[in-house]
Amino acid sequence: MSKYWNKLINGIEPYVAGEQPKPGQKVIKLNTNENPYPPSPKVGEALKRFDLSDLRLYPDTNSTDVIRAAAKFDGVSEENIFCGNGSDEVLAIAFQTFFEKKALTGLPVLMPDYSYSFYPVFSEFYDIRRKTIALREDFRLDPDDYIGVPNCGIVFANPNAPTSRAIAVADCAKIAAANPDSVVIVDEAYVAFEEEYESAVSLINEYKNVCVIRTLSKAFSLAGIRLGYAVGSAELIEGLKRARDSFNSYPVDRLAQKVAEAALLDKDYYDETRAKIIATRKVFAKEIAELGFTMPPSSANFVYAKPPVQISAGTLYQNLRNKGILVRYFNKPVLCDYLRITIGTDEEMAQLTDAIRQEVLNAENS
Ligand SMILES: Cc1ncc(COP(=O)(O)O)c(C=O)c1O
């Protein structure tokens, strides 16, 4: 608290990111859903070609080259893409652009009760009323729960985080069709890790109110450059640009633009990496299920797993941390029974499985 901060900043509970190891600290980092593989070699080549003197100049406001590459990647027109400094920024701009402030409307933005924990923070920060919609017993998002509920907008992640479950694109369409006056944000940070890859991008021509948000942080192994983008009707994209240009008109730096363009153009590498992660996830999920863990079926690069009765999620998290393995633990009702575990390399997951097996055995014997 400070007398120099305004009421909003004094009252807000900011988003808490996953723990970052200290410089030089050696850990197995499976707590923020990063990709264990390096970015495409094409990214390295683009960096080598980068002309240092270009850094004198401001970057292209619109990230035109990235937009061209993303449009090709997603099979849409360039007018359907908007780039930002990580999908967190794109989400923040989308909240500002599409949802209405409390003072202007009594209507809330709808979001699942267990989802990306930045959504409630953005709604507080931008003073937008929110209504959380309960996921079903098995963490399934039921599209019918978003029908007939007055709102100023809808946001959900698909696949959802931290629960890892996905809904079909037809269900996203159902939500969009039932809410034609609201923008429906579908956050597809993890969509690449679905085995049968489906994206709500296919809806944007029919549903002018669907705004899909993508990131290069996960499937493209580029969390370090901060690049996210929105895909939607030209009308939605134009609105996002108006908000951006009222806030920060150069959100994506020159290096990030070069790197992102190269990564988006290397679809073969992307497919290779995501296939490896999906294969590792299957093995890991099977192995921890054999140790007594339960989890919803994962469509993401993480699993959301409940340890067997012998050991609580909180204790297991702490004991793994002591062994230099970071996984994510949310000390909140319901979530506190689970660990969110990012899928790393086969070697990392084998080490984690051994450590977990040991912990479960120790707990059984104590
Ligand atoms: C569901 C979801 N959306 C968005 C993001 C933000 O990604 P970015 O790195 O693009 O800001 C995350 C990050 O973990 C996420 O889990």
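No hydrogens, no waters, no symmetry mates; every other heavy atom, side chains included, goes into these values. Note that ligands are numbered from 1 as they come in the structure, with each ligand's atoms numbered from 1 the same way. By convention here, the first residue in the shown sequence is residue 1.
- Counting only heavy atoms of the protein, atom 16 (O) of ligand 1 lies nearest to Y190 OH, 2.6 Å.
- Counting protein heavy atoms only, atom 6 (C) of ligand 1 is closest to D88 OD1, 3.1 Å.
- Within ligand 1, counting atoms from 1 as listed, the ones closer than 4.0 Å to a heavy atom of K218 are 13 (C), 14 (O).
- With a heavy-atom cut-off of 4.0 Å, F118 does not touch ligand 1 at all.
- Within the structure, the closest approach of D187 to ligand 1 falls below 4.0 Å when heavy atoms are considered.
- Ligand 1 lies out of reach of E89, whose nearest heavy atom is not under 4.0 Å from it.
- Although no hydrogens or angles enter the test, the distance criterion places no donor-acceptor pair under 3.5 Å between the side chain of E89 and the main chain of G86.
- Each of the following atoms of ligand 1 lies closer than 4.0 Å to a heavy atom of A189: 2 (C), 3 (N).
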Working note: F125 + F95, criterion ring-ring contact (aromatic ring centres under 6.0 Å, His included); need CA distance, chi angles, decisive distance, verdict.
CA-CA 10 Å; F125 195 52; F95 267 66; over 10 Å; no

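- Under the 4.5 Å side-chain criterion, counting only non-hydrogen atoms from C-beta, R214 is in contact with D74.
- Atoms of ligand 1 lying under 4.0 Å from any heavy atom of G86, numbered from 1 in the order shown and given with element: 10 (O), 11 (O).
- N62 pairs in a side chain to side chain donor-acceptor pair (under 3.5 Å) with only one of the listed residues (E78, R244, Q257), which is R244.
- Nearest to atom 10 (O) of ligand 1 by heavy-atom distance, out of I225, T342, T215, is T215.
- Residues N31 and Y317 bring no donor and acceptor atom of their side chains to less than 3.5 Å of each other.
- When the side chains of ILVMFWY residues are joined at heavy-atom separations under 4.5 Å, either directly or via intervening members, F99 and F156 end up in two distinct hydrophobic clusters.
- Under a 4.0 angstrom heavy-atom cut-off, G228 registers as lying outside contact with ligand 1.
- In this structure, of S87, S115, S117, the residue bringing a heavy atom nearest to atom 8 (P) of ligand 1 is S87.
- Under a 4.0 Å criterion applied to the non-hydrogen atoms of R226, ligand 1 contributes the atoms 8 (P), 9 (O), 11 (O).
- Relative to the ring axis of F73, K267 places its NZ or CZ within 45° and under 6.0 Å from the centre.
- The ligand atoms of ligand 1 that sit less than 4.0 angstrom from a heavy atom of S217 are 8 (P), 9 (O), 10 (O).
- With sequence neighbours left out, the side chain to side chain donor-acceptor pair (under 3.5 Å) criterion links N209 to no other residue.
- Within the structure, every pair that satisfies the salt bridge (Lys or Arg N to Asp or Glu O under 4.0 Å) test and touches residues 194-211, not counting sequence neighbours, is listed here: E195-K282.
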